[in-house]
Amino acid sequence: MRIWFKLIKDNRILKDTSITDESNDTRTHKIFHALDEICYTFDLSKPIWLETTIADFKRHAKARFYQDNFIETIDFDYLEIQILEED
């Protein structure tokens with residue numbers, strides 16, 4: 001599985017990276033592990049999966065985490081997660 005993460009502000013990518021997970025873990029665990037890794041790399045607090053975020057992710061294999069998803073104040077518009085490849 002390959003997942004792409006982007007930090008967006010004013011319709012511009014501030015930072016982006018992709019994470020590849022070839023483990024035999026479940027899809028959900030791979031996503032959570034990648035999100036943990038990206039939060040550490042980008043020095044972010046972990047976002048909260050709201051029902052709308054989960055619904056978007058299920059529908060499009062892509063979701064955006066806005067200020068409402070974070071407890072701390074963020075200095076970007078949103079963090080986007082997108083599945084590029086699945087096993």
Trp49 CH2: over 12 foreign heavy atoms closer than 6.0 Å
yes

Shortest non-hydrogen pair, Thr17 vs Ile38, comes out as CG2-CD1, 2.8 Å

Interatomic distance, CD1@Ile3 vs CD@Glu86, rounded to 0.5 Å, equals 8.5 Å

Closest heavy-atom pair, Phe65 versus Pro47, reported as atoms and distance to 0.1 Å, is CD2-CB, 3.5 Å

Smallest heavy-atom separation, Asp16 atom then Lys6 atom, equals CB-CG, 3.8 Å

Review point. Do Phe76 and Leu44 come within less than 4.5 Å of each other through their side chains, counting heavy atoms only?
Key: yes

Decide whether Leu14 and Tyr78 are clustered together by the hydrophobic rule: side chain heavy atoms of Ile, Leu, Val, Met, Phe, Trp, Tyr closer than 4.5 Å, transitively.
no

Here the gap from Lys9 atom NZ to Asn11 atom CG, rounded to the nearest 0.5 Å, amounts to 12.5 Å

May I ask you to test the Ile48-Leu50 pair for a side-chain heavy-atom distance under 4.5 Å?
yes

Using a 3.5 Å distance criterion without hydrogens, assess whether the side chain of Asn69 forms a donor-acceptor pair with backbone atoms of Tyr66. yes

Please report the C-alpha distance between Thr20 and Glu85 in whole Å, then the side-chain angles of each, then the deciding distance to 0.1 Å, and finally whether the side-chain contact (heavy atoms from CB on, under 4.5 Å) criterion is met. CA-CA 9 Å; Thr20 303; Glu85 292 177 12; over 6 Å; no

Subject >> same_hphob_cluster(Leu84, Ile81) at 4.5 Å side-chain heavy-atom cutoff >> reply: no

**OP:** Give the intermediate values and the outcome of side-chain contact (heavy atoms from CB on, under 4.5 Å) for residues Ile83 and Arg27.
**Re:** CA-CA 11 Å; Ile83 303 293; Arg27 180 180 193 261; 3.9 Å; yes

Discussion item. Counting only heavy atoms not in Glu51 (residues, nucleotides, ligands), do more than 12 fall under 6.0 Å from its CD?
Written reply: no

Would you check if the side chain of Gln67 reaches a backbone N or O of Glu72 as a donor-acceptor pair within less than 3.5 Å? yes

Within one Ile-Leu-Val-Met-Phe-Trp-Tyr cluster: Ile8 and Phe70, side-chain cutoff 4.5 Å: no

What one should report as the nearest heavy-atom pair of Ile19 and Ala34 is CD1-O, 3.5 Å

Smallest heavy-atom separation, Leu35 atom then Leu79 atom, equals CD1-CD2, 4.2 Å

Between Asp21 and Ser23, is there a donor-acceptor pair closer than 3.5 Å when you use the side chain of the first and the backbone of the second?
-> yes

Distance col, row Lys30:NZ vs Asn24:CG, nearest 0.5 angstrom, shows 7.0 Å

Are Phe57 and Leu7 linked, directly or through intermediate hydrophobic residues, by side-chain heavy-atom contacts shorter than 4.5 Å (ILVMFWY only)? yes

Here the pair of heavy atoms bringing Asp77 nearest to Ile74 is O-CD1, 4.1 Å

Taking the side chain as everything from C-beta on, heavy atoms only, tell me whether Thr41 gets closer than 4.5 Å to Phe5.
no

